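Notes follow once the structure below has been shown.
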Amino acid sequence: MGFEEFQTPRGTRDLLAPLSWQFEAMRRLALEWAARFGYDLIETPIFEKSPVFLRVGESTDIVQHESYRFTDAGGDDLTLRPEGTAAVARAWVQHGLSTAPQPVRLCYFGPMFRRERPQADRYRQHTQFGAELYGSESPLADAEVILLATRVVDTAGLRNPEVRVNSIGCEECRPRYREALVQFFTERQASLCEDCRVRLKQNPLRLLDCKQDVEIRKEAPDLADYWCDACRDHITAVMGAVGAAGQTIRRDPHLVRGLDYYTRTVFEVGHPSLGDQVALFGGGRYDGLSGALGGAPAPAVGFGMGIDRLISALPTPPEAESAPRVYVAHLPGFDQQAFLLALSLRERGMAADADILGRSLKAQLKDAGRRAVLALIVGGTEWENGTVGVRDLAQGTQDNIPRDALAGYLAERLQGDRA
RNA sequence: GUGGAUGUAGCUCAGGUGGUUAGAGCACCAGGUUGUGGCCCUGGGGGUCGGGGGUUCAAGUCCCCUCAUUCACCCCA
């Protein structure tokens, strides 16, 4: 077990194989889809100046209580990024991407940090894949990012994800709704839970997704009754486009989201195999964000996806990197020949392994049986005659192959083996 | 931040009412085959029994504290 002071900090973990390779496979799958949709990969720093996140979520738990904020030796106020959207927005402003050919499509994949109490599928360091689409107000932009996210989830093996969506309105219609909502809940303040009384003052919209006061909220005013025409048309078009693409999507009138930079569209996808309220990905439209960070105002939509959760929700893990497929075993005195042969096979694109523990042939073959499909046996009279033994570890059959024909022979064998 | 459960080998776990050198299975290593794995047999390495304190002649076992893990709440990916 070891000493506690030398273990991973709470809420973090080491990714060992095969999980580590599964993450890599998910990274490739996600970025492949993003590239097909035309998204460029952006890598922002893992920490930012704290105001980048503060500006974006002043009233959210994420930046208020859950961020890893620190002052470095030079006195800079820094924060480990708790989410991707604000950091990408900062980059968008900093690099003047408002003048790039529009729209601008950016995606990211990397660790995020939140200081929460860890539990199933929630970590203090977790990996998110996300995409941000700048420069389009069109509902098709919302539909595009939703479809990118669902394609990733679906092709990762979690079939037919169901998107929940809502519109929290715009500057025109949201204040009217908020007013009605505050009035409604103020009248019933006495029967609200403690948290909701705080929400009532700080972030009234969040009253909608309280899990305790479900009865009360049933009668609360519905956003849909307050949408302006433009907002109504927008969400209708988003749902229409996503639906037309064959993706299940339905409105959840109680869906509002934790970050307070959203405008109009918010969406989320969960999964029964995870906790009921645990989201696989979530996102929305945030037309005011770039302006809040001092840049040109620009419409934008995006999402963040929890890779740790996605992998743990998959019925079968993503295809992990395979172990070395060829093991070059050697007879006593031929360890260097085996070492060099393995190297030359790697140069030819094969995954090869050779013993460097000075083990007996028996021990080498035992090891080979675990990590390879073919074992080469180097040494003895065969080697002197210019051949190498090739043993099929599954079948138990063995042939002698001339050394100069070996590479081609192996390539063919492994090809067939794969198919 | 709040509440519950759990901490014995790398992993999964045994260790009634406290009693000599703490066990098993799997995994790992070696031998049984002077050059051939997967099965079998034999042997071996490996443990601050989470940590600290207390009760006792004696604590893995009882008590207290602490740390960690885990599940739920909160919130989120």
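Being a predicted model, the structure only gives us computed values, none of them experimental. Each chain gets a letter, A, B and so on, in the order the sequences are listed, and its residues count up from 1.
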Inset, instruction - Remember a base hit wins even if backbone is also touched, and classify Gly130(A) as base, sugar-phosphate or nothing at under 4.0 Å, heavy atoms. - result: nothing
Inset, instruction - Using the side-chain contact (heavy atoms from CB on, under 4.5 Å) rule, take Ile249(A) and Thr150(A) through it: C-alpha gap first, then chi angles, then the decisive distance, then the call. - result: CA-CA 11 Å; Ile249(A) 184 168; Thr150(A) 56; over 6 Å; no
Inset, instruction - Determine the Euclidean distance between corresponding C1' atoms of rG15(B) and rA59(B); express it in Å to zero decimal places. - result: 14 Å
Inset, instruction - Please determine, for the side chain of Pro332(A), which listed nucleotide (rG35(B), rA77(B), rU69(B)) has the closest atom? - result: rG35(B)
Legend entry - Axial cation check for Trp227(A) ring with Arg264(A), 6.0 Å and 45° limits: no
Legend entry - Heavy-atom donor-acceptor pair, Lys362(A) side-chain to rG32(B) base, under 3.5 Å: yes
Inset, instruction - Would you mind telling me which residue lines up with the more 5' stretch of RNA chain B, Thr381(A) or Arg115(A), judged by nearest nucleotide? - result: Arg115(A)
Legend entry - Residue Glu116(A), side-chain atoms from C-beta onward, closest of rG35(B), rU70(B), rA77(B): rA77(B)
Inset, instruction - Salt-bridge test for Arg13(A) and Asp308(A): reply yes if a basic N is under 4.0 Å from a carboxylate O, no otherwise. - result: yes
Inset, instruction - For Tyr123(A), answer base if it contacts any base atom (sugar-phosphate contacts may also be present), sugar-phosphate if it contacts only those atoms, and nothing otherwise; contact means non-hydrogen atoms under 4.0 Å. - result: base
Inset, instruction - State whether Arg359(A) places a side-chain N or O below 4.0 Å from either non-bridging phosphate oxygen (OP1 or OP2) of rA30(B). - result: no
Legend entry - Arg309(A) side chain to Ala279(A) backbone, donor-acceptor under 3.5 Å: yes
Inset, instruction - For Ala394(A), answer base if it contacts any base atom (sugar-phosphate contacts may also be present), sugar-phosphate if it contacts only those atoms, and nothing otherwise; contact means non-hydrogen atoms under 4.0 Å. - result: base
Legend entry - Among rG3(B), rG38(B), rC29(B), the nucleotide that comes nearest once only the side chain of Arg117(A) is considered: rG3(B)
Inset, instruction - For RNA chain B, produce a single dot-bracket line, 5' to 3'. Pairs: Watson-Crick or G-U wobble, both distances under 3.5 Å. Symbols: ( ) within strand, [ ] crossing, | other strand, . unpaired. - result: (((((((..((((.....[...)))).(((((.......))))).....(((((..]....))))))))))))....
Inset, instruction - Assign the ring pair Phe47(A) / Phe70(A) to parallel, tilted or perpendicular, where the plane angle (0 to 90°) is split at 30° and 60°. - result: perpendicular
Inset, instruction - State the CZ-OG1 distance between Phe303(A) and Thr85(A), to the nearest 0.5 angstrom. - result: 10.0 Å
Legend entry - Interatomic distance at P, rU12(B) relative to rG50(B), whole Å: 15 Å
Inset, instruction - Spell out yes or no: do the side chain of Arg370(A) and the base of rG37(B) have one donor N/O and one acceptor N/O closer than 3.5 Å? - result: no
Inset, instruction - Could you give the distance separating rC65(B) and rU55(B) at their C1' atoms, to the nearest angstrom? - result: 15 Å
Inset, instruction - Could you tell me whether Arg188(A) sits above the aromatic face of Phe184(A), with NZ or CZ closer than 6.0 angstrom to the six-membered ring centre and within 45 degrees of the axis? - result: yes
Inset, instruction - Look at all strands and tell whether Glu382(A) reaches a base, only sugar-phosphate, or nothing, counting heavy atoms closer than 4.0 Å. - result: base
Inset, instruction - Enumerate the residues from residues 77-88 of chain A whose closest heavy atom to RNA chain B is under 4.0 Å, giving them by residue number; use none for an empty result. - result: none
Inset, instruction - Please determine, for the side chain of Ala120(A), which listed nucleotide (rG32(B), rC71(B), rC29(B)) has the closest atom? - result: rC71(B)
Inset, instruction - Would you mind telling me which of rC73(B), rA30(B), rG37(B) lies closest to the side-chain atoms of Ala363(A)? - result: rA30(B)
Legend entry - rC13(B) versus rC71(B) - spacing of their P atoms, nearest Å: 14 Å
Inset, instruction - Measure from the side-chain heavy atoms of Ala279(A) and tell me the nearest of rA77(B), rC29(B), rU36(B). - result: rA77(B)
Inset, instruction - Taking only Lys NZ, Arg NE, NH1 and NH2, and the carboxylate oxygens of Asp or Glu, determine whether Asp76(A) and Lys49(A) approach each other closer than 4.0 Å. - result: no
Legend entry - rU8(B) versus rU69(B) - spacing of their P atoms, nearest Å: 14 Å
Legend entry - Gln398(A) CD to Leu376(A) CG distance, which is reported to the nearest 0.5 Å: 10.0 Å
Inset, instruction - Would you mind telling me which of rU36(B), rG35(B), rA77(B) lies closest to the side-chain atoms of Gln398(A)? - result: rU36(B)
Inset, instruction - Could you pick out which residue, Pro9(A) or Gly282(A), lies toward the 5' side of RNA chain B when each is mapped onto its nearest nucleotide? - result: Pro9(A)
Legend entry - Arg164(A) and Glu268(A) ion-paired at < 4.0 Å: yes
Inset, instruction - Decide yes or no on side-chain contact (heavy atoms from CB on, under 4.5 Å) for Lys366(A) and Arg359(A), but give the supporting numbers first. - result: CA-CA 10 Å; Lys366(A) 185 176 179 182; Arg359(A) 286 189 281 203; over 6 Å; no
Inset, instruction - Considering just the side-chain nitrogens and oxygens of Gln119(A), establish if one lies under 4.0 Å of OP1 or OP2 belonging to rA72(B). - result: yes
